[in-house]
Amino acid sequence: MATKIRLQRHGKKRRPYYHIVVADSRAKRDGRFIERIGSYNPNTNPATIEMEFDRALHWVKVGAQPTDTARAILSYKGVMMKNHLDKGVTKGAHTQEQADAKFDKWLAEKEGKIAAKADKVTQEKVAQAEAQLKVEREFTEARLAELAAAEAPVVEEEVSEEAAAEEAPAAEATEEAPAAEATEEAPAAEAAEEAPAAEAPAEEEKKED
């Protein structure tokens, strides 16, 4: 029976995750399978891969053919590298100890690269959050400045109206003052006009004498 290592789709629309399964090559993609050996979630950064390493290596050694995507995942986890080194031991290219040392070195380098990528992603997220916070802070400050500028003329206008209201009584008092002076001067003028009239009979009496 020809077997394949492939992905079986699960999850929601536009947010899928996959089971890594060993199945008969004649079976449907999401149909029956022989064994599930791991899972793959591409929705995280970096992608989350869980795998039973020994079982995956076993199926590769007995001839299960991985699909392109499954092969990339197996290579990422080191299954294909381990299979290659074990073949070298069988052919006498190197000893098992040497193969194990090479694999451990490769695995350490791989884990270092994964950790570096995870740190980079974390730093980028922090930088994006800080940049977004800065933009929001600048927008808030600009909005507050606009509101303050919009309220300032209203205050000045109110002050001007109050000053005009205070100056109005003074103007009215100024306008009333000449009227009062005119009223006081009017009797004096009338008295001056009556004075010649009073002197006129005296002059007539002198003429008669």
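Nothing fancy with the numbering, it's 1 onward along the sequence. Because the structure is predicted, anything quoted here is derived from the model rather than measured.
Partners of Lys87 according to the salt bridge (Lys or Arg N to Asp or Glu O under 4.0 Å) rule, which considers only residues two or more places apart in sequence or in another chain, do not exist here.
Counting non-hydrogen atoms of neighbouring residues, nucleotides and ligands closer than 6.0 angstrom, the CZ atom of Arg15 reaches no more than 12 such neighbours. Few gaps surround CD on Glu124; more than 12 heavy atoms of other groups in view lie less than 6.0 Å from it. In the displayed structure, His84 atom NE2 is contacted under 6.0 Å by at most 12 heavy atoms of other residues, nucleotides or ligands. Crowding of Lys110 atom NZ: a count of heavy atoms from other residues, nucleotides or ligands under 6.0 Å exceeding 12.
In this structure, CD1 on Ile73 lies 11.5 Å from CG on Asp68, to the nearest 0.5 angstrom. We find the CD-NZ distance between Gln128 and Lys125 to be 9.0 Å, quoted to the nearest 0.5 Å. Between the CH2 atom in Trp59 and the CG atom in Asn83 there is a gap of 14.5 Å [rounded to 0.5 Å]. Expressed to the nearest 0.5 Å, how far CD of Glu136 lies from CD of Gln132 amounts to 4.5 Å. Residue Met80 holds its CE atom at 6.5 Å from CG of Leu74, rounded to the nearest 0.5 Å. The structure places CG of Asp100 at 10.0 Å from CD of Gln98, a figure rounded to the nearest 0.5 Å.
Partner Val21 forms a side-chain contact (heavy atoms from CB on, under 4.5 Å) with one of Arg36, Glu35, Lys4 and no other, that one being Arg36.
The pair Lys61-Asp54 does not meet the salt-bridge criterion, since no charged nitrogen lies less than 4.0 angstrom from a carboxylate oxygen.
For the pair Leu7 and Ile20, the tightest heavy-atom approach, listed with the atom from each and the gap, is CD2-CG1, 3.7 Å. Of all the heavy atoms in Ala64 and Ile5, the pair that sits closest is CB-CG1, 3.8 Å. Lys82 and Phe103 make their closest contact through CB-CE1, 3.9 Å (heavy atoms, listed as atom of the first residue, atom of the second, distance). In plain terms, the two heavy atoms of Lys77 and Phe53 that are nearest each other are O-CE1, 3.5 Å. Contact between Ala99 and Leu85 at its shortest, heavy atoms only, is O-CD1, 3.4 Å. Minimum interatomic distance between Pro42 and Pro16 (heavy atoms only, all atoms of both residues): CD-O, 3.6 Å.
Residues Val79 and Val89 do not share a hydrophobic cluster, clusters being chains of Ile/Leu/Val/Met/Phe/Trp/Tyr side chains in contact below 4.5 Å. Note: the hydrophobic cluster containing Val62 also contains Val60 (ILVMFWY, side chain heavy atoms under 4.5 Å, direct or indirect links). No single ILVMFWY cluster, assembled from side-chain heavy atoms under 4.5 Å apart, contains both Ile37 and Tyr17. One hydrophobic cluster, built from ILVMFWY side chains closer than 4.5 Å, holds both Met81 and Met51.
The main-chain N or O of Gly31 is found under 3.5 Å from a side-chain atom of Gln8 such that the two form a donor-acceptor pair. At least one donor-acceptor pair under 3.5 Å links the side chain of Thr90 to the backbone N or O of Asp86.
Residues Lys134 and Glu130 have side chains not in contact (no heavy-atom distance under 4.5 Å, counting atoms from C-beta outward). Contact annotation: the side chain of Val22 never approaches that of Arg6 to less than 4.5 Å [non-hydrogen atoms, C-beta and beyond]. Taking the side chain as every heavy atom from C-beta outward, Arg71 and Gln65 approach each other to under 4.5 Å. Between Ile49 and Tyr76, some side-chain heavy-atom pair lies under the 4.5 Å cut-off.
If you check the side chains of Gln123 and Asp119, you find no donor sitting under 3.5 Å from an acceptor.
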Could you go step by step and tell me if His19 and Phe33 meet the side-chain contact (heavy atoms from CB on, under 4.5 Å) rule?
CA-CA 11 Å; His19 292 169; Phe33 58 89; 5.9 Å; no

